[in-house]
Every structure is written in structure tokens, then in C-alpha cells.
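Worksheet: one structure, shown below.
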Amino acid sequence: MKITLKNLTKKFPSRNKKVREDVIAVNDFNFEIPDGKLIGLLGPSGCGKSTALNLLCGLQKPTSGQILFGEDDVTDLPAENRGVGMVFQNYALYPHLTVKKNIMFPLENLRGKDKLSKEVMEAKALEAAKLVQIDELMDRKPSELSGGQQQRVAIARALVKMPRVLLLDEPLSNLDARLRLQTREEIRRIQKETGITTIFVTHDQEEAMSISDIIVVMETGRIQQIGKPQEVYDNPVNLFVAKFLGTPPINVFSGRIENGSLFIGTDKILNVKSADGTSLADQPVTIGIRPEGFVLSDDGALTLNLTEVEVMGRDITVVSTHPESQNVEIRSIISSENHVEITGDTVKFAIKPHKVHIFSVETGQRIEFTAE
Ligand code: ADP
Ligand code: MG
């Protein structure tokens, strides 16, 4: 089901007596979530992700704005009538109930004409358990399960009523690295199998990029950018988004445009024009270069001070510094097939133009350019 957010805003009164200003946890959200997609809601801790989910599921009331499920306005509908399944970071299972009882719990609450027989409830619980592959564990208690298994129970419980919308709030944070990888693939598989419109909240950009159809990048209550993961990675609207996506992170330099050329210190990196072919004004700029944007070259334009070379099987990471770098160290990744001895105090790189972004120093907005 399609979800539409219109001017959705949530303010909390300030807890700090000295600062009277409200906290705007969700600030004027406007977007449409297409039916049947997996949306990754992504941003640093405290940016308002959980608040946005709580508004969607009805645990909190917005200060203003509207939420539509399909064509229905659900803004004032109580949580239990929205048809939403929710999964939290800490699983929130009932410790005294078996896996089966935990999964059946949302069905036990159905009353009147929706009331189900025990047989139907058990069949539905088993179906949900099979979907997340824990049907062998139905008689165990949560304390007898691993973290990954507990989270699967929580997902099964959220799915048992076949919700119209599935909301997951940092569901993998309490799992170790290997289980995190495995469980995120599982979530993707289940989402595709059921076709349920799903919103997956995380502060981990790699997690969001790897499983989402669309990512929504947030900072301090505001949406920064919405798009397919690769599109957002390739075309960040501002420095915040460019820095937030990518591991290792984008390398950021203080630079300038001068006479149609892009400079880092005394090194002339590229000749640049504005996207429409006119010349770009001379100005100081912030320059971002992705780690994969460097090509080892004896006559490369950018000279960096070599710190060390890390050989990591498939890739080689060249670690270096530069006086104009805003990162403590610059990381350049090159394929180990291009293996060459890298020695000496400095290393020279040519730069791939499409891996370079230029940002306004004042606003952080990206300045579009074409390279010559
Ligand atoms: P995230 O999930 O992205 O870490 P949250 O949605 O939990 O962020 O919080 C967003 C902001 O709203 C934070 O500044 C947080 O302190 C504030 N906040 C969240 N819930 C409340 C609340 N119940 N009362 C007051 N402030 C809150
Ligand atoms: Mg949160």
C-alpha cells in the first residue's frame, strides 16, 4: 500500500530549562512511499527516525500534518486499527511465553467478528514462523534463543496479522556482524515474498544502501535527499549526504575554483565548467573525492603525502595526508590487480571526474559541474 506524508511535523517541548525552543524531531516531511517497496530511513542518532516511525504506526500523534495509507487518512486512527506491524531494536518479546504464544499474541487480542479459533491462530503463527525460518523453535522460551532467533520471532509476530505496512526500527543493532548481514538479507527476502510496504530505520548507511529500493536521508528532523541508493551515492545534494554515504567515507578537501580550474592547494585537479557550459566563478569550495576516484599515475595531478599502504586481498588502500584535507587521513582504494610498488614520501594520483563533488563553502549545497 502506498503511504503519503503531508507536511508531517512533530515537536517536543524542550527539556532544557535554559533553551526554551521546542525540539522539532520531524520537520515538515513530504513524500510518497510507493506500494510494495522497501524504504530505508537513514540518519545519525537523534535525527528523528524513531519519531517518524512512531507517527506512522500511531504510537505518537503529530503536531501537524497528515498521514495517508492508500487514500485513507489515518492521522487520527488509533495504532491498533492501522494494520501496521512494528519491530523494535530490543525485540520486546514476552519472556514467560513460548515462541508460539509470542507470535500468536496479536491474534489473541482480536474480538467480535474478527475473533479467530485456536486452530486458525496456530496455523497463522506457524505460517509466519516458517516465513522467518523458526518453525522448529515454537515451544522454546525467548531466553532459550540466540539474539538473531529472538529478532526473527519479533518479525514473525509483526507479520502474523499480515499488516499493510511493516515498520522496523533499527532491528539489527543488537546482533553481531555476521548475523546482521544474514538477517538483513532475510528481511529483504521476506519483504519481497510478502510484498508488504516496509520502512526500515537504521543509522548504518551500508545496511540501508544494501537492501533498500529507496533511501531517505535525514538530518535533525529534515529530509535531505530521497532516491535510489546508487543515485543518492552518485549525486548527493549536499556535503552532509556525501559524507554520510560510503565506506570508507568520501575524502574532503578545502579547495578553490580559479580561472575555470579546480585546485587543491597548488595542485590543479581538473578543468571545470558549470553544467550548462558557462564558466564557474572564482570561489573557495569544498571538494569531495570518493576513495575509488583515484588512479595511480606518475604524472597525476594530485600529490599526497604517503603514510602507508594497506593490502586487503582484493583492494589496496593507500593512506595519505595533505595540508588541505579536512579528514585526518585520505584513503584511496585501488584494485590489487594494478599492483605496483608504492614507495617514497609522496604518491601521485589522477582523479576520475565523476567521483569528484564540489560543494559551496557557505551552504554545503553541491555545485554541479562538467569536467573538460
Ligand atoms: P532517532 O531515532 O533518529 O535516534 P528520535 O526520533 O528518537 O531520533 O529523536 C529525535 C529527537 O527528538 C531527539 O532530539 C530526541 O531527544 C527528541 N525526542 C524524542 N522523543 C522525545 C520525547 N518523548 N520527548 C522529548 N523529546 C524527544
Ligand atoms: Mg531511534
Side-chain angles (χ1 to χ4, degrees), residues 3 5-31 33 38-67 74-76 78-79 82 84-93 147 150-151 154-155 157-158 165-175 180 183-184 187 198-212 214-227 229 232 236-245 247 249:
I3 301 173
L5 307 183
K6 288 187 183 166
N7 306 108
L8 194 68
T9 298
K10 178 69 177 178
K11 296 181 185 173
F12 293 111
S14 168
R15 292 196 190 109
N16 183 340
K17 289 206 177 71
K18 287 188 191 135
V19 187
R20 292 272 167 196
E21 267 177 41
D22 291 344
V23 176
I24 310 180
V26 170
N27 196 343
D28 199 28
F29 271 29
N30 284 291
F31 67 98
I33 300 170
L38 195 159
I39 308 299
L41 184 57
L42 176 65
S45 178
C47 74
K49 305 181 296 294
S50 293
T51 305
L53 274 205
N54 290 340
L55 295 176
L56 278 164
C57 77
L59 286 176
Q60 290 178 340
K61 286 254 168 293
T63 310
S64 56
Q66 274 182 308
I67 303 167
V74 299
T75 316
D76 295 317
R82 289 194 186 187
V84 169
M86 182 102 179
V87 176
F88 301 94
Q89 176 178 344
N90 59 5
Y91 326 136
L93 300 176
Q150 290 187 48
Q151 192 55 295
I155 296 169
R157 184 180 56 184
V165 177
L166 181 63
L167 305 176
L168 304 141
D169 193 353
E170 311 232 12
L172 310 180
S173 305
N174 289 354
L175 306 181
R180 214 157 47 222
T183 312
R184 86 181 185 205
I187 288 173
T198 300
I199 304 179
F200 181 101
V201 161
T202 177
H203 62 272
D204 180 335
Q205 56 87 25
E206 196 185 333
E207 203 166 279
M209 300 263 291
S210 64
I211 66 167
S212 307
I214 296 170
I215 57 171
V216 177
V217 185
M218 285 181 73
E219 189 199 14
T220 54
R222 281 195 179 276
I223 294 176
Q224 303 294 312
Q225 192 165 3
I226 303 176
V232 178
V237 294
N238 59 32
L239 184 58
F240 173 80
V241 174
K243 283 163 95 167
F244 200 70
L245 298 186
T247 33

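Since the model is a prediction, treat every value here as computed from it, not as a measurement. Just so you know, ligand 1 is whichever comes first in the structure, and atom 1 is the first atom listed for that ligand. The figures that follow rest on heavy atoms only: side chains count, while hydrogens, waters and symmetry mates do not. Along the sequence shown, residues carry numbers from 1.
- Between Val232 and Val241 there is a side-chain heavy-atom pair separated by less than 4.5 Å.
- Protein atoms that are N, O or S and lie under 2.8 Å from the Mg ion (ligand 2) are these: Ser50 OG.
- Sorted by chain and number, the residues within 4.0 Å of ligand 1 by heavy atom are Phe12, Arg15, Val23, Ala25, Pro44, Ser45, Gly46, Cys47, Gly48, Lys49, Ser50, Thr51.
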Might you work through the side chain to side chain contact (heavy atoms under 4.5 Å, CB included) test for Ser45 and His203, ending with a clear yes or no?
CA-CA 6 Å; Ser45 178; His203 62 272; 5.6 Å; no

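- A heavy-atom distance below 4.5 Å is not found between the side chains of Val26 and Thr9.
- Between Glu207 and Leu172 the shortest heavy-atom distance is CD-CD1, 3.7 Å.
- Side chains of Phe244 and Gln225 form no contact here, defined as non-hydrogen atoms less than 4.5 Å apart.
- In this structure, Leu53 and Phe88 have side chains that are not in contact, with every pair of non-hydrogen atoms separated by 4.5 Å or more.
- Counting only heavy atoms from C-beta outward, the side chains of Leu56 and Val165 never approach each other to under 4.5 Å.
- Taking all atoms of both residues into account, the shortest heavy-atom contact from Asp22 to Pro13 is OD1-CA, 3.7 Å.
- In this structure, Phe29 and Phe31 have tilted ring planes: the angle between them lies in the 30° to 60° band.
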